[in-house]
Amino acid sequence: MKIGRRSFLSFIIGGAAGTALSPLAWKSMDDSSIWSQNWPWTPVPADGEVSHVNSVCTLCPGGCGITVRKVDDRAVKIEGMKGHPVNDGGVCILGLSALQLLYGPTRVKAPLKRVGERGEEKWQEISWSEAVAEVAAKLGDLRSKGKSHTVCSILDSDKGTVPYLFGRLLTVYGSPNFIRTPSIQDSYELAINLMHGVQASAGFDVEHADFVLSFGSGLIDGWGSPVRMFKANSNWKDSGSKVVQIEPRLSNTAAKSDKWIPINPGTEVALAMGLAHVIIKESLYDSDFVNNYSSGFDKFKQLVLDKYNPDNVAQITGVDSSALVSLARNFAHASKPLAVCGRGQGKTQGSLDEFIAVHALNALVGNINSEGGVWAVPDPDYIKWPEVEMDSVAAVGMQKERIDGAGSETYPYARYLLNRFSGVVNSEEESPVNALFVAGANPLYTISDSKAVKEAFSKIPFVVSFSSYMDETAKNADLILPNHVFLERYEDVPMPVGLQKHVIGLSRPVVKPQFNTKHVGDVIILIAKALGGRIADAFPWDNYEACLEETLGDKWESIVENGFWSDPDFKVPASEEAFNTPSGKFEFIPANLKSPLDFSPVTIEGSDISYPLILVPYDSMRLANGFIGNPPFITKTVEDTVLKGKDVFVEINPKTAEEIGLIEGRYVDIRTPRGKAKVRVHLFDGIMPGIVALPRGLGHTAYDKYIAGKGINFNELIGPVEDPVSGFDAAWGIRARLTKV
Amino acid sequence: MKKEVKNEKAKKYGMVIDLDKCTGCGACMVACMSENNVPFKEDESNKLDSIAWMRVYKLTNGKPFPEADICYLPRPCMHCEGHNGHAPCVSVCPATATDYNHETGIVSQIYTRCFGCRYCMVACPYHARYFNWWDPVWPEGMEKYLNPDVSPRMRGVVEKCSFCFHRYQTAMNKAYVEGRRKLEEDEYQTSCAQACPADAITFGDLNDPAHAVHQIAKPDLKHGGRSSNPNAFRLLERLGTNPKVYYLSSREWVRRAGDNYLKKDKTVKKLH
Ligand code: SF4
Ligand code: SF4
Ligand code: SF4
């Protein structure tokens with residue numbers, strides 16, 4: 001009902017004469033004028049019936065429950081869902097802005113086929129059946145030529161029905177190339193795999209920890225499930241739990257911690273070993289756990305005692321040895337200490353040594369799989385589809401080595417190595433990838449060394465994007481098959497990152513699809529059916545919704561009712577049964593590792609002579625830097641010392657700035673071995689001299705005018721540094737030079 | 001009807017923001033924009049014309065590395081009571097477009113009355129008021145998310161945080177329909193307080209001893225509402241504006257900055 005001014009006034013009169021309980025007489029004139037005014041030239045949002053729908057946000061791996069307020073069929077506001085096991089009523093800045101993505105100008109409104117050059121943005125709208133037929137024809141052709149293994153999929157997750165559908169299609173079609181985008185999940189999974197002998201994700205019982213030692217993790221800058229971490233942080237304040245933050249830059253997390261310990265960047269691994277030295281030397285470790293449930297302790301002990309005494313470590317890390325000793329004691333004496341790592345929001349994998357060292361610290365204090373500690377959480381096993389039956393082509397294809405080398409002789413431990421992808425493609429005359437599918441990911445923006453990634457993409461003959469938005473990858477694709485936005489579709493969202501519980505959230509259609517989009521799950525099923533044979537047989541469902549409902553089985557009703565399903569009885573096994581290593585115990589020195597780790601800091605790219613400074617990235621909640629670009633509301637909150645007009649500011653210590661003669665606001669060229677950019681200078685006392693920092697999340701070349709063309713994408717300035725053991729990208733920064741312009 | 005209003009104990013809605021918990025994430029700013037139909041432009045990096053009813057400021061302690069420290073300070077409208085409702089802005093408005101509501105303690109802004117003289121903006125020591133230099137424009141389709149409870153504003157008028165007054169109205173309407181006079185604490189919550197993922201913002205009736213804001217802020221009503229909580233402070237307390245937004249910080253430099261940070265703030269210099 002629209003109420004114009006005149007009808008509103010008569011409405012009041014009518015009301016006042018009517019029931020004595022009418023609220024309207026309560027309204028002062030102020031209120032009614034606020035409420036009733038409208039101008040013909042500003043939009044008048046139509047009033048209507050208010051309702052609320054519970055769903056799950058999928059804009060990051062956090063898995064927050066949301067409650068969407070609707071007026072008739074419009075979604076008008078996103079709020080955190082009360083009582084949700086992840087976020088209990090809170091919501092982050094990105095989740096709050098999701099309606100700008102839903103209704104915004106960046107949506108891909110129909111299936112599009114490229115007609116101009118790649119990236120030229122000349123598209124032709126096609127029908128869904130044409131789109132599916134085109135993909136199926138391409139896949140059929142490759143398969144008939146025995147090239148099924150040259151098809152590759154990049155997704156942001158490998159959990160849940162949609163990634164499983166992708167994986168299933170690849171398997172039965174005959175390609176081993178399912179790639180998950182990189183994050184610290186890779187390193188945590190591998191550390192747990194090697195030390196526990198199980199395939200599991202790391203869960204952190206942050207709610208119960210009383211001393212949190214963070215090796216640069218942005219606990220309140222978006223690490224883990226952001227809203228959950230914010231709440232935990234506030235609980236730590238209330239309960240008096242301590243947080244110690246180790247990193248060279250005063251991040252928000254460092255500022256809010258009880259103690260900030262600046263450290264030479266990249267040397268965190270040495271500090272962890274130094275702490276282990278003190279804990280072992282002073283016998284502060286949990287002897288029950290170490291003696292009964294661990295193996296390799298003596299070797300580990302020897303290593304840390306030989307090489308990591310506090311003075312040595314102080315030399316490497318720049319952390320004062322007495323501070324180190326007292327930190328080790330405080331950590332070990334706490335009743336529920338917890339050490340975590342993975343820099344910033346954890347978007348790059350990091351070095352395996354560091355994760356092993358930090359995980360060893362947790363083991364020393366006996367908090368593995370225990371209250372307030374780190375848990376090895378296996379995936380919930382609700383997806384129980386029958387094994388696929390492969391034909392001979394698929395069987396041959398599946399025997400081929402992966403494009404990214406993961407699982408090969410050189411990289412036996414890694415499961416996914418997207419960081420190696422562009423290197424491999426670019427090193428060969430003809431691209432070893434003939435078709436690439438990208439869903440829920442934007443590798444052209446998020447993977448480091450953008451130039452190389454772009455080159456690799458341009459060599460791949462057939463690129464299909466399933467993005468709902470015109471992001472960088474979609475813009476450079478041959479075909480865009482736009483998925484519904486999460487507010488328009490059903491999807492299971494299992495395993496919110498970092499949670500030590502089993503929770504499956506359900507995204508559901510809050511509004512009907514706004515455009516001619518299609519659920520990616522449906523598209524996969526259609527493609528499979530079009531390919532026929534064993535491939536079609538592997539997809540017996542009529543559509544995605546039927547598949548989802550059948551998969552969730554007896555959980556379906558409760559998940560629809562509550563918006564999520566959680567397992568109240570979820571527990572990890574006791575230490576007697578938790579480890580599946582060769583020794584059957586927790587392994588300080590993993591026996592499954594062929595070569596020993598050397599726990600030395602990762603050397604970054606560039607010589608210190610041509611590049612006297614070190615450039616590191618920083619993550620901020622106000623700059624979404626994953627596969628979703630900043631919606632306009634969030635960009636509005638970015639400070640003018642981070643972004644001004646189109647210019648991004650590089651943070652530099654005033655001392656360093658003085659040495660090179662720079663003042664606040666000055667334009668400079670920043671150069672690294674991988675790229676260069678024009679930026680402005682912001683003096684910041686919170687950053688270690690000699691280091692400069694740029695935010696991640698800017699420099700988009702796609703999306704809309706509210707974010708594109710502002711600042712620089714950090715990934716254009718940095719490239720991967722391969723971890724020698726895992727093959728992960730261990731780069732935490734790159735050497736750089738600033739010159740005045 | 002009027003008589004009943006008078007008998008009702010006056011409410012005094014206010015806020016306590018715990019700066020130890022605030023992460024500077026900015027969710028409150030967006031929660032506000034999205035609830036209150038605040039528009040946006042292609043470039044919002046000129047903070048003088050960037051409308052943000054809630055703005056999170058970054059304070060620094062001014063010390064060099066490694067003693068440097070930062071703290072975020074979210075700033076809604078302070079809904080100053082001044083002395084007996086004489087908020088700085090209310091006193092200067094020639095159009096009575098902004099008024100102090102004695103029933104709720106909320107300082108209103110009536111856009112239809114405002115003719116854009118901007119005296120109130122000059123008078124407000126907190127820079128909580130913003131002027132619409134342009135008519136709002138939403139990209140095609142985006143007007144779908146606009147909230148019907150709050151009217152979009154036009155060029156030429158001043159706007160500011162209303163403590164989400166429309167939510168009060170909605171809650172009161174509901175209570176009245178159900179035959180109640182009194183709102184439960186959780187029935188009327190602002191959008192920012194509700195959204196804050198760190199639970200840093202507490203909102204409620206400062207006059208009601210059962211409400212959390214009262215218990216935390218412990219306002220001394222005889223002394224202009226000054227807090228008796230040693231960690232609590234209000235911005236520019238000594239001006240006598242008697243704001244209804246209290247801040248908590250365990251760090252002394254932050255509490256001190258609360259009384260003069262605006263003097264150092266660059267935007268102040270530029271505005272005057
Ligand atoms: S933290 Fe992640 S899942 Fe939660 S609301 Fe924000 S973007 Fe969505
Ligand atoms: S939402 Fe909460 S934590 Fe985030 S900036 Fe606002 S007050 Fe601070
Ligand atoms: S109280 Fe409401 S209007 Fe004021 S800042 Fe918070 S959300 Fe905005």
Side-chain angles (χ1 to χ4, degrees), chain A residues 21 23 25-28 30-31 33-34 37-39 41-43 45-47 71 74-77 79-80 90-93 96-97 99-100 103-105 220 227 230-231 233-234 237 250 252 255-256 262 621-622 632-637 639-640 643-645 653 685-689 705-706, chain B residues 1 20-21 23-27 29-31 33-35 40 42-45 47 50 52 58 60 63-66 68-71 99 101 108 110-113 135-136 138-148 151-154 165 169 172-173 176-177 179 194-200:
Chain A
L21 266 182
W26 261 87
K27 289 186 194 295
S28 67
D30 286 8
D31 313 344
S33 36
I34 291 176
Q37 64 191 263
N38 50 58
W39 294 276
W41 57 91
T42 54
D47 214 339
V71 173
R74 304 184 292 121
V76 300
K77 178 82 188 293
E79 278 154 11
V91 59
C92 92
I93 190 166
L96 277 161
S97 308
L99 298 180
Q100 294 198 315
Y103 294 127
I220 54 166
V227 174
F230 287 10
K231 292 208 176 257
N233 186 62
S234 291
K237 302 275 172 217
L250 182 72
N252 294 351
K256 281 285 165 276
M621 286 302 293
R622 300 197 207 170
F633 272 159
I634 312 192
T635 309
K636 192 171 173 177
T637 71
E639 286 159 2
D640 56 1
L643 179 72
K644 182 85 187 167
N653 187 289
D685 282 301
I687 191 161
M688 188 180 262
K705 63 177 180 178
Y706 302 98
Chain B
M1 203 73 40
D20 289 339
K21 289 182 180 168
T23 64
C25 70
M29 298 170 76
V30 168
M33 294 181 214
S34 115
E35 178 77 20
F40 56 88
E42 184 175 336
D43 183 356
E44 290 282 3
S45 66
K47 299 303 176 189
S50 174
K58 185 180 188 173
T60 54
K63 293 197 176 160
F65 183 90
D69 198 6
I70 51 177
C71 184
D99 203 7
N101 180 330
S108 64
I110 305 150
Y111 315 119
T112 36
R113 287 192 195 154
D135 274 326
W138 283 272
E140 196 200 326
M142 260 206 214
E143 69 284 340
K144 282 199 189 137
Y145 70 60
L146 293 178
N147 179 3
S151 52
R153 282 73 56 186
M154 62 181 285
F165 189 68
Q169 290 177 305
M172 282 304 273
N173 284 358
Y176 263 69
V177 167
Q194 182 190 29
C196 173
D199 298 318

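If you're wondering where the values come from, they're calculated on a predicted model, not measured in any experiment. To find a chain, count down the sequence lines: A is the first, B the second, and so on, and within it residues start at 1. Below, all heavy atoms of this structure are taken into account, side chains as well, without hydrogens, waters or symmetry copies.
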Find the distance between CG (A/N653) and CZ (B/F65) and round it off to the nearest 0.5 Å.
7.0 Å
With chain A as the partner, which of B/E35, B/K63, B/K58, B/E143 has the greatest number of non-hydrogen pairs under 4.5 Å?
B/E35
Among the options A/C92, A/A75, A/G645, pick out the one with the most heavy-atom pairs lying under 4.5 Å from chain B.
A/G645
With a 4.5 angstrom heavy-atom cut-off, is it the side chain or the backbone of B/Q194 that approaches chain A, or both, or neither?
both
Correct closest heavy-atom pair for A/L96 and B/A195 would be CD1-CB, 4.2 Å
Pick from A/S234, A/G104, A/G686 with the largest number of heavy-atom pairs that fall under 4.5 Å of chain B
A/S234
Picking from A/G90, A/P262, A/A255, which has the most non-hydrogen pairs under 4.5 angstrom with chain B?
A/A255
Pick from B/A200, B/C196, B/A198: which one has the most heavy-atom pairs with chain A under 4.5 Å?
B/A198
Counting only heavy atoms closer than 4.5 Å, note whether A/E79 contacts chain B via side chain, backbone, both or neither.
side chain
Which residue out of A/E639, A/K237, A/K77 racks up the most heavy-atom pairs below 4.5 Å with chain B?
A/K77
A/V91 portion near chain B, given a 4.5 angstrom heavy-atom threshold:
both
Is the A/F633 ring parallel, tilted or perpendicular to the B/Y145 ring (thresholds 30°, 60°)?
tilted
Locate the shortest heavy-atom distance separating A/K636 from B/S50; write the atom from each residue and the value.
CE-OG, 3.6 Å
Could you tell me which portion of A/K256 (side chain, backbone, both or neither) has an atom closer than 4.5 angstrom to a non-hydrogen atom of chain B?
both
Shortest non-hydrogen contact between A/P632 and B/M142, atoms and distance:
CG-CE, 4.1 Å
What pair of heavy atoms forms the shortest contact from B/P148 to A/V76, and how long is it?
CD-CG1, 4.4 Å
Interface residue of largest heavy-atom contact number with chain B, from A/I220, A/T635, A/I634, A/V71, under 4.5 Å:
A/I220
Sort out for me which of A/V227, A/L99, A/L250 touches chain B most, counting heavy-atom pairs under 4.5 Å.
A/L250
Chain B heavy atoms under 4.5 Å from A/L643: which part of the residue, side chain, backbone, both or neither?
backbone
Can any side-chain N or O of A/R74 pair as donor or acceptor with the backbone N or O of A/A46 at less than 3.5 Å?
yes
What distance separates B/E44 CD from B/M33 CE, expressed to the nearest 0.5 Å?
7.5 Å
Looking at A/R622 and B/G24, would you say the former's side chain and the latter's main chain have a donor-acceptor pair under 3.5 Å?
yes
